[in-house]
Amino acid sequence: MPLPPAPTRRAARLDPEAFMAPPEGATPTTKRQRSTRGEAHPVAVTAAATADAPVVEPAPAAPKAPASRSTKMPAKAALLSSAPAPEVAPSPETAPAVSAETPRRARKVRSTGPTKLFVLDTNVLLHDPSSLFRFEEHDIYLPMIVLEELDAHKKGMTEVARNGRQVSRALDALAAAQGADMGKGLKLDSTGQRGAGGSLFFQTSTLDFQLPTSLPQGKADNQILGVVEALRRQNAPREVVLVSKDINMRVKARALGLPAEDYQNDKALEDGDLLYSGALQLPQDFWSRNGKSVESWQSGAHTFYRISGPIVPQLLINQFVYFEAPGEPSLYARVSEIRDKTAVLKTLKDYGHAKNAVWGVTTRNREQNFAVNLLMDPDVDFVTLAGTAGTGKTLMALAAGLTQVLDDRRYTEIIMTRATVSVGEDIGFLPGTEEEKMGPWMGALDDNLEFLAKGDGGNAGEWGRAATNELIRSRIKIKSMNFMRGRTFMNKYVIIDEAQNLTPKQMKTLITRAGPGTKIICMGNLAQIDTPYLTEGSSGLTFAVDRFKGWPHSGHITLARGERSRLADFASEVL
């Protein structure tokens with residue numbers, strides 16, 4: 001039977017089976033059954049869930065069963081489950097832990113096992129306002145104390161207050177959807193979030209629970225733990241899981257025998273060691289295996305190599321490759337093109353030589369040379385630099401910026417900003433203008449400018465040094481991140497320092513400020529994160545590196561060796 005024409009783009013995306021009549025005697029496929037053929041549910045399920053498990057539809061009336069703990073469930077608790085509980089529940093010893101993580105890419109087949117009930121802590125909602133829609137077909141429960149804490153955090157102009165208001169708007173939209181009934185649960189996909197197939201439940205009545213007398217009943221965290229305990233008893237054998245960003249909260253829950261997990265959907269990477277480094281070492285036998293099939297040609301000052309073989313699928317655009325072997329010439333190149341099963345390597349400019357010095361600065365190691373090649377390339381609009389203290393991130397970024405602003409006139413000025421997160425106690429309010437208030441945070445800028453302003457040999461005299469400092473200062477603007485919304489930078493060289501303390505949302509806000517001809521450099525040390533609830537996997541710097549890798553106009557390099565001093569290098573290793 002031919003398919004009817006698709007009058008709209010939406011109709012063209014429908015499953016062709018939807019237009020075909022079912023064969024005689026076949027049971028019509030319900031909407032729920034069709035949904036199981038779609039995207040995967042990335043949340044781990046219990047051992048009872050299998051790939052060929054049938055879809056369980058709620059029966060109109062539950063059959064009578066012998067009296068047991070699960071059959072004495074009150075009517076209110078019965079509404080919390082979107083599907084009947086399975087007859088045989090896996091024991092806690094054999095059932096794996098349910099993960100609250102929801103990867104964004106690996107989605108294949110939606111799970112048909114029993115759904116879970118996740119109780120969200122307030123800090124999860126304030127950390128990620130979209131967390132309501134990140135649990136696929138599982139249900140979500142919000143205790144009343146969570147709504148009270150959301151209301152207490154909604155005032156102000158901070159990121160937490162904005163997230164609280166966004167969560168409140170999302171809850172209001174779900175409650176106002178057509179056919180919404182809080183008693184039966186609000187469908188999370190009623191506002192267009194197709195990835196969420198579960199329901200949202202609120203605490204609409206008092207729950208009976210008992211906690212140890214050592215836990216004060218009036219504390220919000222303990223009330224949430226009590227709600228989890230009551231729900232676990234009412235919904236047995238269905239699994240009820242607490243999701244919280246508070247480590248102590250999770251420890252207390254596990255001490256009480258309650259399953260608790262961290263919210264991990266915000267993590268770009270599970271392990272910081274898996275972060276894209278930006279460089280790849282060619283194997284020692286690379287030339288002996290591929291030497292005969294390599295094509296090479298000269299264009300200007302660069303040599304190009306077209307290679308093939310099993311190493312090509314591992315390469316990304318703007319990734320650096322290097323070959324170092326005793327007794328053989330070294331190769332340092334960057335991937336400039338990937339087509340079919342071949343890749344083109346372009347040799348680099350050696351900024352370690354004095355004749356190629358950038359504002360009087362020469363590179364001291366391989367990774368620094370890779371970084372300066374990215375910083376000086378006008379075709380690369382976004383550069384990320386990661387590395388420990390003393391690897392030269394700020395110095396190289398400033399030197400490349402001054403050269404392209406004052407000498408090449410490629411950009412009009414340098415704009416520098418950073419996350420104002422204190423290592424210790426805050427020093428309080430600061431006087432002066434925006435730039436004066438940012439002064440104490442810009443000690444790294446002053447230190448590096450002092451070095452760059454010396455010039456060759458520092459023989460310009462006192463007047464010459466003063467004039468140089470004044471010229472440099474006139475082309476560098478220090479801006480606060482708090483006033484970045486709505487701005488557009490055109491033909492600017494933007495440096496974002498200490499980017500590891502930014503959230504993914506803040507990173508997106510800053511990068512989207514770029515206008516025509518603007519270059520953005522993000523620098524940071526993932527081992528020095530001072531922002532609460534941020535880890536190496538969920539940092540905005542990690543998020544940017546993972547999302548931009550392979551884009552032809554971006555590049556990343558992880559600086560490995562410190563060049564500050566032998567004292568700083570030794571301290572980085574042993575402390």
Side-chain angles (χ1 to χ4, degrees), residues 268-269 271-287 290 294 302-307 309-326 328-338 343-353 356 358 362-377 379-397 400 499-500 521-527 536 541-563 569 572:
L269 293 176
D271 189 352
D273 295 336
L274 302 177
L275 182 67
Y276 171 62
S277 65
L280 177 68
Q281 183 177 9
L282 297 176
Q284 297 291 322
D285 58 349
F286 176 75
W287 291 115
N290 304 278
V294 172
H302 300 279
T303 303
F304 293 83
Y305 299 91
R306 187 182 300 277
I307 64 173
I311 198 173
V312 172
Q314 307 176 33
L315 301 178
L316 296 170
I317 295 292
N318 284 338
Q319 185 178 14
F320 293 94
V321 296
Y322 61 94
F323 176 82
E324 294 176 340
E328 297 187 27
S330 301
L331 171 68
Y332 303 99
R334 186 172 62 176
V335 180
S336 62
E337 177 185 328
I338 297 178
V344 176
L345 307 181
K346 179 183 178 181
T347 57
L348 306 177
K349 188 174 182 179
D350 183 15
Y351 288 100
H353 198 282
N356 295 327
V358 178
T362 57
T363 58
R364 296 186 178 181
N365 57 54
R366 178 180 61 233
E367 285 77 17
Q368 285 188 352
N369 191 45
F370 294 164
V372 176
N373 271 273
L374 289 174
L375 294 171
M376 296 297 294
D377 191 345
D379 292 330
V380 177
D381 300 332
F382 182 70
V383 179
T384 50
L385 303 177
T388 59
T391 50
K393 302 182 294 294
T394 307
L395 179 64
M396 291 187 296
Q500 79 275 1
I521 293 89
C522 289
M523 308 176 298
N525 179 10
L526 291 173
E536 293 184 11
L541 180 60
T542 305
F543 180 77
V545 171
D546 185 64
R547 290 294 186 268
F548 276 90
K549 65 181 180 182
W551 188 49
H553 302 288
S554 70
H556 168 75
I557 192 67
T558 299
L559 301 169
R561 194 171 70 191
E563 299 290 351
D569 295 343
S572 298

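Just so we're clear, the structure is a prediction, and the values are computed from it rather than from any experiment.
Side chain of Ser554 to main chain of Phe548: a donor-acceptor pair is present (N/O by atom type, distance under 3.5 Å, no hydrogens or angles). Looking only at distances, no side-chain donor or acceptor of Gln500 sits under 3.5 Å from a matching main-chain atom of Glu536. Glu337 contributes no side-chain N or O that, together with a main-chain N or O of Ile317, makes up a donor-acceptor pair within less than 3.5 Å. A donor-acceptor pair is defined here as one N or O able to donate and one able to accept, closer than 3.5 Å; such a pair exists between the side chain of Lys393 and the backbone of Thr388.
With sequence neighbours excluded, the residues forming a side chain to side chain contact (heavy atoms under 4.5 Å, CB included) with Ala527 are Asn525, listed by chain and number. Annotation: ring pair (Phe, Tyr, Trp, His ring centres under 6.0 Å) contacts of Tyr351 (sequence neighbours excluded): none. Here Tyr332 pairs with nothing under the ring pair (Phe, Tyr, Trp, His ring centres under 6.0 Å) rule; sequence neighbours left out. Taking Ser277 as the reference, Thr558 meet the side chain to side chain contact (heavy atoms under 4.5 Å, CB included) condition, with sequence neighbours excluded. Checked against salt bridge (charged side-chain N to carboxylate O under 4.0 Å, His left out), Asp379 has no partners two or more places apart in sequence or in another chain. Every residue meeting the side chain to side chain contact (heavy atoms under 4.5 Å, CB included) condition with Ala560, not counting sequence neighbours, appears here in chain and number order: Glu367. Contacts of Arg561 classified as salt bridge (charged side-chain N to carboxylate O under 4.0 Å, His left out), with partners at least two apart in sequence or in another chain: Glu563. Among residues two or more places apart in sequence or in another chain, the side chain to side chain contact (heavy atoms under 4.5 Å, CB included) test is passed with Thr347 by His302, Thr303, Tyr305, Leu331. Here Asp377 pairs with Arg334 under the salt bridge (charged side-chain N to carboxylate O under 4.0 Å, His left out) rule; sequence neighbours left out. Applying the ring pair (Phe, Tyr, Trp, His ring centres under 6.0 Å) rule to His553 yields the partners Trp551; only residues at least two apart in sequence or on another chain are considered.
To the nearest 0.5 Å, the span separating CG on Leu541 from CG on Asp546 amounts to 11.0 Å. For the atom pair Met523 CE and Thr384 OG1, the distance stands at 11.5 Å (nearest 0.5 Å). Here CZ of Phe323 is found 8.0 Å from CH2 of Trp287. Values are rounded to the nearest 0.5 Å. Taken to the nearest 0.5 Å, the OG1 atom of Thr542 stands 4.0 Å off from the CG atom of Leu526. Here the NE2 atom belonging to His556 is positioned 12.5 Å from the CZ atom belonging to Phe370, to the nearest 0.5 angstrom. Within the model, atoms CE of Met396 and CG of Leu385 stand 6.0 Å from one another, a figure rounded to the nearest 0.5 Å.
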- Candidate pair Leu316 and Val335, rule side-chain contact (heavy atoms from CB on, under 4.5 Å), full reasoning: CA-CA 7 Å; Leu316 296 170; Val335 180; over 6 Å; no
- Message: Checking Met376 against Lys349 for the side-chain contact (heavy atoms from CB on, under 4.5 Å) test, could you report, in this order, the C-alpha distance in whole Å, the side-chain angles of both residues, the deciding distance, and whether it holds?
- Response: CA-CA 10 Å; Met376 296 297 294; Lys349 188 174 182 179; over 6 Å; no
- Query: Going through the distances and angles, do Phe320 and Ile557 end up as a side-chain contact (heavy atoms from CB on, under 4.5 Å)?
  - Reply: CA-CA 8 Å; Phe320 293 94; Ile557 192 67; 4.2 Å; yes
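Residues Pro283 and Ile311 have side chains in contact (heavy-atom distance under 4.5 Å, counting atoms from C-beta outward). Between Val383 and Leu374 the shortest side-chain heavy-atom distance falls below 4.5 Å.
Results of the side chain to side chain contact (heavy atoms under 4.5 Å, CB included) test with Val358 over Leu375, Leu395, Val372, Thr363 single out Val372 as the only residue that passes.
In this structure, Leu315 and Ala343 approach most closely via the heavy-atom pair CD1-CB, 3.9 Å.
Residue pairs satisfying the side-chain hydrogen bond (donor to acceptor under 3.5 Å, both in side chains) criterion with at least one member in residues 312-323, sequence neighbours excluded, are absent.
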